[in-house]
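Here is the structure we will look at.
The figures that follow rest on heavy atoms only: side chains count, while hydrogens, waters and symmetry mates do not.
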Amino acid sequence: MIEKIRKYIVSPTISIQESIKVMDNIKSKTLFVFDKDIFMGILTIGDIQRAIIKNIELSSSILNLFCNAIAVSGLVNVATIALSIGVAI
């Protein structure tokens with residue numbers, strides 16, 4: 001299942017600039033932030049816009065940018081994540 005959304009998944013250590021490139025390449029305004037197998041949150045184009053407005057360096061890590069963090073216990077339902085971006089599994 002996760003293979004269908006793999007292109008939407010990024011590491012929290014990538015830069016803001018790299019996340020913009022990923023969004024552009026996959027034609028998406030949303031990325032899922034995973035640290036290995038742990039879901040950390042959702043990064044949106046709005047999060048990036050707010051960082052730019054705050055003059056945060058584009059070379060900075062996205063780690064502190066995403067504000068749509070979801071607290072979960074146990075496994076994240078990958079189907080729910082996929083549906084949130086319109087990917088049918």
Side-chain angles (χ1 to χ4, degrees):
M1 277 192 185
I2 200 160
E3 285 72 32
K4 290 194 176 189
I5 65 165
R6 186 155 312 278
K7 68 181 180 180
Y8 299 94
I9 296 174
V10 294
S11 165
T13 60
I14 70 167
S15 69
I16 297 169
Q17 184 171 359
E18 188 61 29
S19 68
I20 294 168
K21 289 179 185 178
V22 171
M23 286 181 177
D24 185 56
N25 288 339
I26 64 172
K27 310 283 188 271
S28 178
K29 295 180 181 180
T30 304
L31 296 173
F32 301 109
V33 182
F34 276 82
D35 188 5
K36 297 178 184 160
D37 291 334
I38 299 170
F39 179 64
M40 297 184 67
I42 298 171
L43 178 73
T44 68
I45 195 68
D47 297 323
I48 293 171
Q49 290 169 333
R50 283 183 286 282
I52 292 169
I53 290 168
K54 293 177 183 176
N55 293 317
I56 295 174
E57 293 289 326
L58 295 181
S59 59
S60 300
S61 165
I62 64 167
L63 186 59
N64 296 315
L65 290 191
F66 58 92
C67 64
N68 298 323
I70 299 172
V72 294
S73 61
L75 298 174
V76 173
N77 185 332
V78 175
T80 302
I81 293 173
L83 286 174
S84 74
I85 58 167
V87 175
I89 295 183

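In this structure, the separation between CG on L43 and NZ on K29 is 14.0 Å, given to the nearest 0.5 Å. A distance of 12.5 Å separates NZ of K54 from CD of Q49, quoted to the nearest 0.5 Å.
Between F39 and F32, the angle of the ring planes lies from 30° to 60°, which puts this pair in the tilted group.
Side-chain contact check for L63 versus M40: some heavy-atom pair is nearer than 4.5 Å. I52 places a side-chain heavy atom less than 4.5 Å from the side chain of L58. With contacts defined as side-chain heavy-atom distances shorter than 4.5 Å, the pair S59/I16 does not qualify. Contact annotation: the side chain of V33 never approaches that of S11 to less than 4.5 Å [non-hydrogen atoms, C-beta and beyond]. Contact check for S61 versus I14: no side-chain heavy atoms found under the 4.5 Å cut-off. At a threshold of 4.5 Å between non-hydrogen side-chain atoms, the residues M23 and V10 do not count as touching.
No donor-acceptor pair under 3.5 Å is formed between the side chain of D24 and the backbone N or O of I20.
Ion pair D47/R50 flagged as a salt bridge, since at least one NZ, NE, NH1 or NH2 atom sits closer than 4.0 Å to an Asp/Glu carboxylate oxygen.
Side-chain N/O atoms of S28 and T30 include no donor and acceptor closer than 3.5 Å.
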Test side chain to side chain contact (heavy atoms under 4.5 Å, CB included) applied to L31 and I9, step by step: CA-CA 6 Å; L31 296 173; I9 296 174; over 6 Å; no
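In terms of heavy-atom proximity, I62 sits nearest to P12 at CG1-O, 3.5 Å.
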